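Scroll down for the structure; my scribbles are underneath it.
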Amino acid sequence: MSLLTSFRASGSSAVSVPSFGGGTDNTSDEFRLVKWHFLANAGTQQASGRNPRVILITSASAGEGKSYVAHHLTANFALDPHSEVTLIDANFENPALGTSSWMGGSSGGLGLLDYLDSTGVDQNSIVKSTGLNNVKVILAGTARENAPELLANGRLEQLVAARSGNNAYVIIDAGAVLSNGGAAVLARYAGQIAFVVAANTTSRSNITQGLATLDRIAGPIDEKSLGLIFN
Ligand SMILES: Nc1ncnc2c1ncn2[C@@H]1O[C@H](COP(=O)(O)OP(=O)(O)O)[C@@H](O)[C@H]1O
Ligand SMILES: [Mg+2]
């Protein structure tokens, strides 16, 4: 059964994220629901053997809310002081972390691609602290042409294995599936995937094409591991 068929037939697990416009920050409760969706699956063994504590946030195209979801979800996981979260910026074409409040004004330093490219860069030199002591972040790093290839060289696997565990989660803010191979390659290392759909914007054909691309490159994707987030 293809991912597309199971998406249509079973409806997959749809998690709704209402719009957060209007000025007040009412995001906590909305993202709690999204978080619990992922927590519910975090302890389950997957047929694929992929780690369900590694959560990939992607979408078909740019601007659909991937970073918005990734950053809010990270903050929501951090509400539990016993949880530890590592937010990884893996959108190399359009990184979001360096300009975010997580970085407290510092945008520089080594990031994921630097680590993947060189054994001289270890995990400790890319994991950065934030204002919350249970949240760590990893920047995208210096842009490289061969970013999708670097993702598959084995070092990412070691990184996410080291950053995930009992109460430790990795949230990956990935690129758009339809823009290059990077996001779909990342899906090989994530036990859960949030596929963000921009309400009234994302076309049905882009959704089906995006899911089919994930399935082709990272598949087969366990249907329970995929959540559609309507943003
Ligand atoms: N639910 C939302 N409410 C308010 N603003 C949002 C929401 N989702 C996305 N945005 C804003 O829309 C823009 C694009 O979203 P972003 O998360 O950067 O998209 P992507 O990472 O998929 O390219 C950003 O300025 C973001 O803050
Ligand atoms: Mg983004």
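Ligands are counted one by one from 1 in listed order, and the atoms in each one are counted from 1 as well. Bear in mind the structure is a predicted one, so any value in this text is a computation, not a measurement. The analysis underlying the following values was restricted to heavy atoms, covering all of them including side chains, and did not include hydrogens, waters or symmetry mates.
- The side-chain heavy atoms of N167 and E84, taken from C-beta on, include no pair separated by under 4.5 Å.
- Checking S225 against Q192 by side-chain atom types alone, no donor-acceptor pair falls below 3.5 Å.
- Side-chain atoms of S83 and N134 include no donor-acceptor pair closer than 3.5 Å.
- In this structure, N51 CG and S164 OG are separated by 4.0 Å, a value rounded to the nearest 0.5 Å.
- Within ligand 1, counting atoms from 1 as listed, the ones closer than 4.0 Å to a heavy atom of E64 are 19 (O), 20 (P), 22 (O).
- Ionic pairing of R144 and D114 is present here: one or more N-O contacts between side-chain nitrogen and carboxylate oxygen are shorter than 4.0 angstrom.
- Of all protein N/O/S atoms, those under 2.8 Å from the Mg ion (ligand 2) are S67 OG, and waters are not counted.
- Residue contacts with ligand 1: Y68 is placed with a nitrogen or oxygen under 3.5 Å of a nitrogen or oxygen of the ligand (distance criterion only).
- The aromatic rings of F77 and Y169 sit tilted, their planes meeting at an angle between 30° and 60°.
- Atoms of ligand 1 found under 4.0 Å from any heavy atom of G63, numbered from 1 in the order shown, are 19 (O), 20 (P), 22 (O), 23 (O).
- Every residue meeting the side chain to side chain contact (heavy atoms under 4.5 Å, CB included) condition with S129, not counting sequence neighbours, appears here in chain and number order: K136.
- With 3.5 Å as the limit, one finds a donor-acceptor pair spanning the side chains of E93 and S179.
- Taking 4.5 Å as the limit, every side-chain heavy atom of I88 sits out of range of all side-chain heavy atoms of I171.
- For ligand 1, the atoms lying closer than 4.0 Å to a non-hydrogen atom of G65 are 9 (C), 15 (O), 16 (P), 17 (O), 19 (O), 20 (P), 22 (O).
- Residue-level proximity to ligand 1 for N231 is carried by the side chain, the only part with a heavy atom below 4.0 angstrom.
- In terms of N/O distances under 3.5 Å, ligand 1 is not approached by N94.
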